[in-house]
Amino acid sequence: MITVNGDWFALETANTGYYLGVRGGLVENLHYGARVRVENSVPLREKTDIGYGGDVVYRAESAPLSLEHLCLELSPLQKGDYRAQSLSLVMPGGARTADFSFVCARRLEGSVPPEGMPAARGGAETLALDFSTPEGVAVTLFYTVYPDCDVITRRLCIKNGADAPVTLEKALSYQLDLPGCDYVLSTFPGAWARERHEACVPLTPGAHVFGSTTGASSAFCNPFFMLCAPDATEFNGDAYGFNLVYSGSHMGCVEVSPWGKTRVAAGIQPEGFAWTLAPGERFETPEAVLTFSRAGKNGMSANLHAFVQEHIVRGKWAKKDRPVLLNNWEATYFDFNERKLLSLAKDAAKLGAELFVLDDGWFGARDNDAKGLGDYTVNRKKLPGGLASLAEKVHALGLLFGLWFEPEMVNADSGLFRAHPDWIVQTPGNVPATGRNQYVLDLCRAEVQDYIIANVNATLASAPIDYVKWDMNRHISDNYSPALAEQGRFSHSYILGLYRVLQSIVEQNPDVLFEGCSSGGNRFDLGILCYMPQIWTSDDTDAYERQLIQAGTSYGYPPSVMGCHVSA
């Protein structure tokens, strides 16, 4: 639970403690790890009686205090903390100096989700720490406690209380300073068909930076990572886990300072990011997830499994066993008709499958991957009775019926593109790049969001559909939207548009089991899991390779959210 006692604050779960103290306008992280018995901040404070030769003294009244020796929750900018920081901004007048000073602490009931973004639900309490600069730029740090699974979530909100615009150039969800540097960093990189293989490296002085710039959370580097003591095993030793409730481009950074401290930070990818706040406007970051265990990687993983199952996944399917499914894709590709599909479904029923899924090729002129995408009218040559007739016949076999969509994409050879060629993501004066013969629809535009919402909902209302596989088969390029006056907003605005689309469709179809997909596991993250209770883990269903993929995935995500189809 949360204790606010003068100049120190304690956030405690069943087994962990996060202790903070105020010193001269700063908030220090005094300890994050196993719970300790402490009644004030004095025993945990770092002693700073002696300065070092190159130190920059933060304020005269606090000499010889230098910021680079402290574990800080929010760093004043350009005031002597030379480590990676959670914020970078251009203040009124063009300066990048921002002297954030602590104002007050507030204890709030429950959780406080960011506007327009998914977040964990069911938090017990939230601590809000308010900071401000002399110009009036305010920052609030939010900490929400989930005692049952030893998780604390963090995010921040920036509000421009100055009388002129302020431009954010970096807005990460948190920074966390740990007092030592003897850790092993595990990230989970990969690529198509070999997602989330664990990669371990002992920390050395300097910054280890990783993440995604593809527009999605990406198979290249998952948002989840962990820091472990060098002697930690699966079942013993100190282990920290970190993740983001976010589906877009992201960055993580673990930096060892010259003085042997470790700073951890993560959030929205700052490369290409710029977000100007007019006076009175605010910006909220995605929620970040932090956990700690003394029971090794397995203990840390168990915390995150419980957190995802209890506080991320929601809806009718959250606690239900997922149906065993057969997907027709590798059996037929685009070459199918109702007779062929029903033959597959009958065999699936005999084998004990519970769900039959019709994949790509059921709509428009979709006989190959170069045409038809974006047109969600049923191809009556393949399915003369439409989706309703096929679904009813599949149900008669005792199976649920599912359908594949790729709503965020369009082919040039499609009715949608011919009607709205301006709806794709493209930069003026440049020929847009393609991926798998398709373009990305501009989800920064409300009219594009509305089109997807209306068409997907209409299709789901047209037949008894029990399951949806929501695919996204290419990375985003040519980042530009005419809906935005500031193009540094593009990547995050796209994700906000996606979240609006998902929220609307999932709310209107509460009984449907949704499964996320992006060329396999290219968008496997907590943001998607807030809408869809499972994600297709990888297009690679080879049994040996799946052991590596699913073992890596399982450190941050429970097996219940990993989609595993019966396939060729």
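For the numbers below, each heavy atom of this structure counts, side chains included, while hydrogens, waters and symmetry mates do not.
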Phe405 six-ring centre to Lys469 NZ/CZ under 6.0 Å and within 45° of normal: no

Looking at Glu271, I want to see if its CD is surrounded by more than 12 non-hydrogen atoms of other residues, nucleotides or ligands under 6.0 Å. no

With under 30° as parallel and over 60° as perpendicular, where do the rings of Phe225 and Phe210 fit, or are they tilted in between? perpendicular

I'd like to know whether CZ of Arg106 has more than 12 heavy-atom contacts from other residues, nucleotides or ligands below 6.0 angstrom. yes

Measure from NZ or CZ of Arg546 to the centre of the six-membered ring of Trp536 and say whether it is under 6.0 Å with the direction within 45° of the ring axis. yes

Could you go through Arg282 and Glu115, starting from their C-alpha distance and side-chain angles, then the distance that decides it, and tell me whether this counts as salt bridge (charged side-chain N to carboxylate O under 4.0 Å, His left out)? CA-CA 10 Å; Arg282 65 179 183 175; Glu115 185 177 355; 3.1 Å; yes

Can we say Arg121 and Glu310 salt-bridge, meaning some charged N sits less than 4.0 Å from an Asp/Glu carboxylate O? no

Tell me, please, whether Trp317 has Lys320 positioned over its six-membered ring: NZ or CZ under 6.0 Å from the ring centre and within 45 degrees of its axis? yes

No-hydrogen, no-angle side-chain donor-acceptor test under 3.5 Å, Glu169 and Trp275: no

Can Tyr557 and Phe524 be said to form a ring-ring contact (aromatic ring centres under 6.0 Å, His included), step by step? CA-CA 9 Å; Tyr557 306 91; Phe524 200 114; 5.0 Å; yes

After noting the C-alpha distance and the side-chain angles of Tyr19 and Tyr143, does the key distance pass the ring-ring contact (aromatic ring centres under 6.0 Å, His included) rule? CA-CA 12 Å; Tyr19 304 98; Tyr143 306 72; over 10 Å; no

Looking at Arg45 and Asp7, is there a salt bridge between them, counting it only when a charged N and a carboxylate O are closer than 4.0 Å? yes

Donor-acceptor pair, Gln449 side chain versus Leu443 backbone, under 3.5 Å? yes

Interatomic spacing from CE in Met117 to CD in Glu284 - rounded to 0.5 Å: 6.0 Å

Polar contact flag, side-chain donor to acceptor under 3.5 angstrom, Asn303-Ser293: no

Within a reach of under 6.0 Å around NZ of Lys159, are more than 12 heavy atoms found that belong to other residues, nucleotides or ligands? no

Parallel, tilted or perpendicular: rings of Phe242 and Tyr240 (30°, 60°): parallel

Answer yes or no for Arg155 and Phe142: cation-pi contact, defined as NZ/CZ to six-membered ring centre under 6.0 Å and angle to ring axis within 45°. yes

So among Tyr32, Phe9, Phe292, which one has a side-chain contact (heavy atoms from CB on, under 4.5 Å) with Tyr18? Tyr32

